[in-house]
*Asks:* 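Here it is: the structure, laid out below.
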Amino acid sequence: MVVTCEQLWHELSNYLDGEVSPDLRAAMDEHLRECQKCSAVLEGTRNVIGLYGEDSMFEPPHGFSQRLHRRLEENMPRQRGTAIGWMVAVAAALLIVGSFELGDSSAFVGPQQRSQQAQPGIGVPPGMMVVVAEDGKLFHAGAGCPLLHDKAHLRTMTASEARREGYTPCVQCMKKYLTENAALDADDDDGGELASSTGSTSY
């Protein structure tokens, strides 16, 4: 039986404890006689086991730890932060903190509407029938709105359906429609005296 260095190292602990088969022990002994490297590993392992097995471990002299630390500090190269290094570190920290702040603030706030055209139609009844152009972005109170450009491809739907499809209310005709209807509702509360004089919406 022939044993390689790796096999010997794998079984070295069992060899020292006497827990290998007689055939394997004989092969390991033969290998150790011929291989100086494995013999050195065996002797080193025996020395370590012997040192830990003895009760004669000694304490280092008083002050040894402090002297060792001082010596190490003296011989270690010192690394000092430069002003540019500190500025880069501070800039990176600010960038990270700023991105978290920006992320937190925008997570709970809806997108800001930039123009009056993009504002949600407050007071537009969800069931109100509105008109949309296929290629437009607004819904209108009627087909007569001057902002309704493509009058050849119109569809009618409720205001809530138009919002679900991404349309927003036309400020011009919805404002006029809502103010006229508010006036009509106020007239109805007064007994309908002014309703005949204002007429109905032409959109």
Side-chain angles (χ1 to χ4, degrees), residues 1-122 126 135-139 157 159-169:
M1 170 182 232
V2 178
V3 176
T4 64
C5 293
E6 289 81 15
Q7 290 171 332
L8 186 127
W9 298 338
H10 183 70
E11 293 293 332
L12 189 60
S13 179
N14 293 332
Y15 176 83
L16 290 171
D17 292 339
E19 297 178 356
V20 293
S21 67
D23 293 338
L24 183 57
R25 180 175 273 294
M28 290 176 79
D29 287 337
E30 180 66 30
H31 182 87
L32 288 167
R33 276 192 290 275
E34 296 173 4
C35 183
Q36 290 181 339
K37 188 164 117 178
C38 289
S39 296
V41 170
L42 175 65
E43 289 306 312
T45 305
R46 278 189 179 145
N47 287 339
V48 170
I49 291 171
L51 284 174
Y52 279 109
E54 291 181 9
D55 292 332
S56 62
M57 295 293 278
F58 58 92
E59 291 279 329
H62 182 70
F64 176 77
S65 294
Q66 290 85 4
R67 287 192 305 271
L68 176 64
H69 283 282
R70 187 182 57 221
R71 201 104 188 256
L72 288 172
E73 287 175 4
E74 289 171 359
N75 292 327
M76 297 269 301
R78 297 196 184 270
Q79 295 181 351
R80 294 191 172 176
T82 62
I84 293 174
W86 281 107
M87 288 190 301
V88 169
V90 168
L94 289 174
L95 184 63
I96 291 169
V97 169
S99 65
F100 281 123
E101 288 297 320
L102 183 62
D104 287 346
S105 66
S106 64
F108 300 108
V109 179
Q112 297 294 322
Q113 304 293 338
R114 294 180 183 227
S115 71
Q116 189 179 10
Q117 294 286 354
Q119 298 297 324
I122 298 170
D135 60 346
K137 296 180 181 177
L138 302 175
F139 65 82
M157 60 180 71
S160 61
E161 289 173 325
R163 282 198 178 121
R164 271 195 304 271
E165 290 187 22
Y167 293 99
T168 56

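Just so you know, residue 1 is the first one in the sequence shown, and it goes up from there.
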*Asks:* Going by heavy atoms in the side chains, are Glu74 and Arg70 under 4.5 Å from each other?
*Replies:* yes
*Asks:* Can you tell me how far SG of Cys38 sits from CZ of Arg33, rounded to the nearest 0.5 angstrom?
*Replies:* 13.5 Å
*Asks:* Using the side chain to side chain donor-acceptor pair (under 3.5 Å) criterion, which residues pair with Arg46? Sequence neighbours excluded.
*Replies:* Glu43
*Asks:* If every non-hydrogen atom of His31 is compared with every non-hydrogen atom of Leu8, which pair is closest and at what distance?
*Replies:* CD2-CD1, 3.8 Å
*Asks:* When rounded to the nearest 0.5 angstrom, what distance separates CZ in Phe139 from CE in Met157?
*Replies:* 10.0 Å
*Asks:* Answer yes or no: are there more than 12 heavy-atom neighbours, outside Gln36 itself, under 6.0 Å from its atom CD?
*Replies:* no
*Asks:* Nearest 0.5 Å, please: how far is CG in Leu68 from CD in Glu73?
*Replies:* 10.0 Å
*Asks:* Looking at every heavy atom in both Val20 and Arg25, which two are closest together, and how far apart are they?
*Replies:* CG2-CB, 3.8 Å
*Asks:* Working to the nearest 0.5 Å, report the span between SG of Cys35 and CG of Leu42.
*Replies:* 11.0 Å
*Asks:* Provide the closest heavy-atom pair for Gly136 versus Tyr167 in the form atom of the first, atom of the second, distance.
*Replies:* O-CE2, 3.2 Å
*Asks:* Return the minimal non-hydrogen interatomic distance between His62 and Arg67, and the atom names on each side.
*Replies:* O-NH1, 3.4 Å
*Asks:* For the OG1 atom of Thr45 and the CG atom of Leu12, what is their distance to the nearest 0.5 Å?
*Replies:* 4.5 Å
*Asks:* How close do Val3 and Met28 get, heavy atom to heavy atom, and via which atoms?
*Replies:* CG2-N, 4.2 Å
*Asks:* Among all residues two or more places apart in sequence or in another chain, which pass the side chain to side chain contact (heavy atoms under 4.5 Å, CB included) test with Ser160?
*Replies:* Pro126, Thr158, Arg164
*Asks:* Once you round to the nearest 0.5 Å, how far does NZ of Lys137 lie from OG1 of Thr168?
*Replies:* 9.0 Å
